[in-house]
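Take a look at the structure below.
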Amino acid sequence: MTALVWYRNDLRVQDHQALSAALGRDGPVRALYLLCPAQWDAHDVAPIRRWYVLESLRELGTNLGRLGIVLDIVDAGDFAGVPGALADYCRAHGVSALFSTREYPLNERRRDQAVVEALRPLGVELKGFDDAVLVPPRVLRTGQGTPYTVFTPYRRRWDALLAEQPPGMPLTPAPARSTRAVPFDASMIDTALAAIDLPPGLTDGWQAGEKAARKQLDSFVDGPLRHYKRDRDMPSLPGTSLLSTALSAGTLSVKRCFIEADARRASGPEGVTTWISELAWRDFYRQIMANYPRLAWGEPFRPETGLVQWSSHDAHFQAWCEGRTGYPLVDAAMRQLNSTGWMHNRLRMVSAMFLTKNLFIDWRLGERYFMQKLIDGDFAANNGGWQWSASTGTDAAPYFRVFSPVRQSERFDPEGHFIRSQIPELAHLDAKTIHQPWRRPMLAPDYPAPVVALDGVRERVTAAFKAAQDLYKGDTR
DNA sequence: AGCCACTTCTC
DNA sequence: AGAAGTGGC
């Protein structure tokens, strides 16, 4: 009569529906995490993200142990190995019910369908919880019964639903009174950590686990949240929540984020509304991923943009990756990503727009590079953001709306503080020169000249998208 | 969750 | 000259 909590990207004990439901039954509870290193490789999971997951698992094992729950860690290889590994585990431990948090991308759903079939002959009862979003993917539909593909009307319905049915209190796991703490064996974690190729110093400044995540939430909602609307676009400020990592690995529940922010509407209503809107974007892109599985094959949301002839200029792509395009804000952004595993959201838009519109390189190359580097790499959000920048996605930036890396730099880093923090070759330049160092090349001899000029970008992008549209019309006529 | 060219208004 | 508004891409 054992209940099993199968952990994936929901590495916490607090406010965890599947865990609380398992504890609510009679009988013992166990927990399992299946390592899938080959799947991590196939999905381009960044080394720092692997580190974050493994260290969060260590804390999870300890926290579950205090609740009297054993967390086992088993190497399943990849998703294909999961159904067999789970079936073996269920047989070995007499598991009669499996509890998990639902995941929505295609490979994850196929994995879970295969698990359903593998466990059916064993008579294991399966329970899934839509606990990684505030509004589950199939709940909101347009008047035509189709999924929402435009954010603003989605957001309106999403808000209304949460106002009508507010999330209750966060859940606290309640073990039986007789429970005794059990020790946690972390040897699998140490082995897996040893296999990660992590540059020294990369994890400095990051703390894994649900305790650190909770602390980050508390300091955000009582700090930067109040002025979030004003400060969130300035990469030199600590104006954002820094919670994307915790939310993507599930060391924090999105429900708790909503509740804590919602409770502070009186003290800074604009900041709260703006930040909750970011939580809505997160749900929006997850429901897009759930409703349009072809996105998992690398297809653009707008089919006609699949015919755009992107440039394949390897030297330009390398310069972008390494932060030496000659455009200070773009380079500062990429160096922040490379040296910390994280990038400010405004800069994700700036650097993605530069790769896709100025260099005119396929958005999928940028999407992949971000996944390979980001500690918070989330398939739905990353794909959604890249397709927004590339103008290939749902509710994307119109293709003629191109950021100027200079204008963005002047608007969002006016004094050049952020650029100076990332690019030592430019640290001595004044606020006037730092956005366009090529105007005074003698002042920054160690900094690269621009790899491409800025003029004519909009015309070239417009022509390429129009050509793709014509081709598409020709194909389908 | 643009940018730019152009116009009109104001000093 | 510079602010402020407008419309096209």
Study note, to complete from the structure: Those residues at least two apart in sequence (or on a different chain) that pass salt bridge (Lys or Arg N to Asp or Glu O under 4.0 Å) with A:Asp204 are none
Revision key, fill the gap. note: A:Lys357, atom NZ; B:dG2, atom P; distance rounded to Å ~ 11 Å
Check your understanding: Across the strands shown, which category fits A:Arg411 at heavy-atom distances under 4.0 angstrom: base, sugar-phosphate, nothing?
Key -> sugar-phosphate
Study note, to complete from the structure: Hits for salt bridge (Lys or Arg N to Asp or Glu O under 4.0 Å) against A:Asp376, two or more places apart or cross-chain, chain-then-number order -> A:Arg348
Point to revise | Close approaches to DNA chain B from residues 393-406 of chain A, in residue order (heavy atom, under 4.0 Å) | key: A:Phe400, A:Arg401, A:Val402, A:Phe403, A:Ser404
**Study point:** A:Arg401: salt bridge (Lys or Arg N to Asp or Glu O under 4.0 Å) partners, not counting sequence neighbours
**Key:** none
Check your understanding: Could you state the CG-P distance from A:Leu329 to B:dG2, rounded to the nearest angstrom?
Key -> 15 Å
**Study point:** Heavy-atom contact window of chain A on DNA chain C, given 5' to 3' at under 4.0 Å
**Key:** C:dG8 to C:dC9
Practice item. Take the protein atom CD of A:Glu410 and the nucleotide atom P of B:dG2, then report the distance between them rounded to whole Å. Key: 17 Å
**Study point:** Test side-chain hydrogen bond (donor to acceptor under 3.5 Å, both in side chains) applied to A:Lys373 - qualifying residues, sequence neighbours left out
**Key:** none
Review point. With sequence neighbours excluded, what pairs up with A:Pro153 under the side chain to side chain contact (heavy atoms under 4.5 Å, CB included) test?
Key: A:Tyr148, A:Val150
Check your understanding: Is the A:Phe129 ring parallel, tilted or perpendicular to the A:Phe99 ring (thresholds 30°, 60°)?
Key -> parallel
Revision key, fill the gap. Residue set satisfying salt bridge (Lys or Arg N to Asp or Glu O under 4.0 Å) with A:Asp378, at least two apart, ordered chain then number -> A:Arg286
Review point. Between residues 452-468 of chain A and DNA chain C, which residues have a heavy-atom gap below 4.0 Å?
Key: A:Arg458, A:Thr462
Study note, to complete from the structure: residues 426-451 of chain A vs salt bridge (Lys or Arg N to Asp or Glu O under 4.0 Å), sequence neighbours excluded, gives none
Review point. Restricting to pairs with a member in residues 35-56 of chain A, which pass ring pair (Phe, Tyr, Trp, His ring centres under 6.0 Å), not counting sequence neighbours?
Key: A:His43-A:Phe79
**Study point:** Residues forming a side-chain hydrogen bond (donor to acceptor under 3.5 Å, both in side chains) with A:Gln309, sequence neighbours excluded
**Key:** none
